[in-house]
2 protein chains.
Amino acid sequence: MERKRTKSGNIRLADVAELAEVSLITASRFFSNPGALSVGKRERVESAAKQLGYVPNLAARALASQRTEIIGVLIPSLTNSVFSDVLRGIYDASEGSRYSIQLGNTRYSILQEEKLLRVFQSQRPAGLIVTGINQTEASRAILQTMNCPIAQIMEIGPDPVDMMVGFSHYDAGFAAASHLLAQGFQRIGFLGARMDPRVQRRFAGYVDALKAASRFDPRYIVTTPTSTTVTLGGTLFADLLAQAPDIEAVFCVNDDLALGVLFECQRRHIQIPEQMAIVGFNDLEFMASAVPPLTSVRSNRYEMGKSAVTMVTAAIDGFRPQELVVDLGFKLMIRHSSIARRN
Amino acid sequence: MERKRTKSGNIRLADVAELAEVSLITASRFFSNPGALSVGKRERVESAAKQLGYVPNLAARALASQRTEIIGVLIPSLTNSVFSDVLRGIYDASEGSRYSIQLGNTRYSILQEEKLLRVFQSQRPAGLIVTGINQTEASRAILQTMNCPIAQIMEIGPDPVDMMVGFSHYDAGFAAASHLLAQGFQRIGFLGARMDPRVQRRFAGYVDALKAASRFDPRYIVTTPTSTTVTLGGTLFADLLAQAPDIEAVFCVNDDLALGVLFECQRRHIQIPEQMAIVGFNDLEFMASAVPPLTSVRSNRYEMGKSAVTMVTAAIDGFRPQELVVDLGFKLMIRHSSIARRN
DNA sequence: AAATGAAATGGTAGCGCTGTCTTTTAGGCC
DNA sequence: GGCCTAAAAGACAGCGCTACCATTTCATTT
């Protein structure tokens, strides 16, 4: 594989064109629209590029064409497995397209989100995916000026910036609490950690469900701004038991907390569901194989990521979806941990 | 905020320079080396940029300067929480620097890795982080030509492409098995899933430890190429029990499998550790709060990501680390699940 | 006051590619 | 064979920025 030395030492498209004995622009077309070349030239360019080991320069392409093939993605956490699933959907969908993903981690801070948005601005992304509907005023302003399709994911709400894919966390929280009420539980606790906007809406759903049944009591609620762990689930549950020993059931705002509660119950020899019902949120894989299997609220996280990319890429290509707001819903996975003792 | 209309409709550095009444290059320097400007001009450029809402164009910058501030990262999985931790380290470290991360998901395929490497080539990244030491020949060749600092992470081994941060999975597997042997367990099973190169090296460590103690028996081994889940842990354990009912202990190649084994034992009323000892791998957070707490091998995943970025960025800036291969080690976290019944 | 050198500023030429428009060639029809 | 149309190929300018080198400014030294 002999190397042509050019001024800069890099192999440029011009070198390929020269070797293939075609014009620069014809070589360029080979990469953007090979069908436009005659068979002979197509083959010549192809073999010349291969022979020289030509690698296109994306920066030059972006500058000349005034567009990129980058989709910026902003998520609040990398460790939370909820977002791993969303990301997997995003990366899976992007692989089928010509777009690549630029990921930013906001760590649940809307200020960090704003900062990352400014970085994205410099990249001129072709599309954008952001988490949630609680952006700062400045972030909203930036989004408005970015002039590219934008999807807000994880939840749906009023006043979308552009497109939305998610579900109602309020409804999901309401459904979880209602399920426990329907099973005949009366004193239903709430365990919450890292009270981000979506968690708070689940909480609001829980509160309203209990109030509607005249079962609401602030003594049943334990929350902390700390981030979630399994161990924390045990700790919070211990706090809840201390402040409301008569508690019958507990709705955990995510599955890690629920697992922590399960372990704490095992430690204290509390029977599930006979002495304590448990409902989690997200329906991570382990919930179904726990002993006993734990009830949870399943959301279509993978689908959410995938749809977001599909919608954004379609919009980039000029096919804006009919429905700009897509509700992917949720499903209450009722398992042994929340089946009524009486009823 | 009035807008200057230029030919392209975008605000360019030239517009900022014009408004600030300085030359183009002075405006450019404001962003690359503000200290080189006199106070007066610095302020004029700053306010002009702000007034116009100027956003630098990274593609143009990359093209003109012939370098980028992108660090490419290739990992095999987004759902495996091992890599979430590594990624968190990577993103945390990158935030302190001026570099941004471009992430690729290889899904444990070295062919996919090769493909993504070609994509990265087009971006001309300033540095690269790849997972493991098992690349294809072609991938190695690409890495060689990329002419930027490269860190291989997760494990260490012979023949580094450039730099390495990790630990010996063989030693860790050997240590886990040795611990069980030292506790007096004689029939020690192995549960493995998604047998990637690192898992296989852990397995080799287990095999050699048992062979050294003359305790090796292939009947004690159950593996599957399927990807890991908690549920799978239970299933594999059931298979192991079926083919070797006299098993006393089990070394699980990761913590999800170990949790599955725990649940399966609970289901079958098998006492841990009296009737069955369990050792996991990775030491995910839940291991310590399980009932009983589960023994595992802790690796410094977050540190691994962080160090990799630190080493790569230092190398980009011309400060190649003294030690090109960094062994971050591992730590056997001995908990109740593997404490000997006799001894 | 002249000489010196460092700091501050500017001019110019690309970086590698694609959009736009123009020219050439090939193909189809009477 | 001549004419028309479409396909294929090319010329050229310029995307927005920085590297490189040249020039100006100004404080300091003799």
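So that the names make sense, note that chain A is the first sequence line, chain B the second, and so on, each numbered from 1. Predicted, not measured: the structure shown is a model, and the values here were computed from it. All heavy atoms count here, side chains included; hydrogens, waters and symmetry mates do not.
What separates CD1 of A:I11 from P of C:dC17 is a distance of 11 Å, to the nearest Å. Per the geometry, CG belonging to B:L37 stands 6 Å off P belonging to C:dT9, to the nearest Å. Remark: C1' of D:dG16 and CG of B:L58 are 11 Å apart, rounded to the nearest angstrom. Rounded to whole Å, the distance from CG on A:N33 to P on D:dA7 is 12 Å. Atom CZ of B:F30 and atom C1' of C:dA8 are 16 Å apart (whole Å). A straight line from CD of B:E18 to C1' of C:dG11 spans 17 Å, rounded to a whole angstrom. Whole-Å rounding puts the B:L63 CG to C:dT18 C1' distance at 12 Å.
Using a 4.0 Å cut-off, some side-chain N or O of B:Q66 falls inside it from OP1 or OP2 of C:dG16. Here A:N57 does not reach the OP1 or OP2 of C:dC15: none of its side-chain N or O atoms lies under 4.0 Å away. Between A:N10 and the phosphate of C:dC15, there is no side-chain N or O to OP1/OP2 separation shorter than 4.0 Å.
Counting only residues at least two apart or in different chains, side-chain hydrogen bond (donor to acceptor under 3.5 Å, both in side chains) contacts with residues 309-319 of chain B comprise B:R98-B:D317, B:Y99-B:D317. Each ring-ring contact (aromatic ring centres under 6.0 Å, His included) pair with one or both residues in residues 66-85 of chain B, not counting sequence neighbours, would appear here, but there are none. Counting only residues at least two apart or in different chains, ring-ring contact (aromatic ring centres under 6.0 Å, His included) contacts with residues 103-151 of chain A are absent.
One end of the helix from C:dA1-D:dT30 to C:dC30-D:dG1 points its axis 30° away from the other end's axis, with each axis taken from 5 pairs and the angle rounded to 10°.
The ring pair (Phe, Tyr, Trp, His ring centres under 6.0 Å) check on B:Y54 picks up B:F31, with sequence neighbours excluded. Applying the side-chain hydrogen bond (donor to acceptor under 3.5 Å, both in side chains) rule to B:E113 yields no partners; only residues at least two apart in sequence or on another chain are considered. Residues that satisfy the side-chain hydrogen bond (donor to acceptor under 3.5 Å, both in side chains) test with A:R42, not counting sequence neighbours, are absent from this structure. Residues satisfying the side-chain contact (heavy atoms from CB on, under 4.5 Å) criterion with A:L111, sequence neighbours excluded, are A:S109, A:T136. In terms of the salt bridge (charged side-chain N to carboxylate O under 4.0 Å, His left out) criterion, residue partners of B:R88 (sequence neighbours excluded) are, by chain and number, B:D85.
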Within the sub-3.5 Å range, which N or O atoms of nucleotides 18-23 of chain D have a protein N or O partner, and how far apart are they?
from: D:dT18; atom 1: OP1; to: B:R61; atom 2: NE; distance (Å): 3.0
from: D:dT18; atom 1: OP2; to: B:S28; atom 2: OG; distance (Å): 2.5
from: D:dA19; atom 1: OP1; to: B:R67; atom 2: NH2; distance (Å): 3.1

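For the atom pair CZ (A:R124) and CG (B:N57), the distance works out to 4.5 Å, reported to the nearest 0.5 Å. A:E18 contributes atom CD, which lies 9.5 Å from atom CG of A:L52 (distance to the nearest 0.5 angstrom).
For B:Q144, the CD atom sits in a packed shell: over 12 heavy atoms of surrounding residues, nucleotides or ligands are nearer than 6.0 Å. Heavy atoms from other residues, nucleotides or ligands lying under 6.0 Å from CG of B:N33 number more than 12.
Applying a 4.0 Å cut-off to non-hydrogen atoms, none of the residues of residues 312-319 of chain B approaches DNA chain D. The stretch residues 38-46 of chain B does not touch DNA chain D, since none of its heavy atoms comes less than 4.0 Å from the strand.
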Point to revise | Residues A:S81, A:S84; criterion side chain to side chain donor-acceptor pair (under 3.5 Å); working and verdict | key: CA-CA 5 Å; A:S81 42; A:S84 314; 5.5 Å; no

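For the pair A:E114 and A:R118, the salt-bridge criterion is met [side-chain N within less than 4.0 Å of a carboxylate O].
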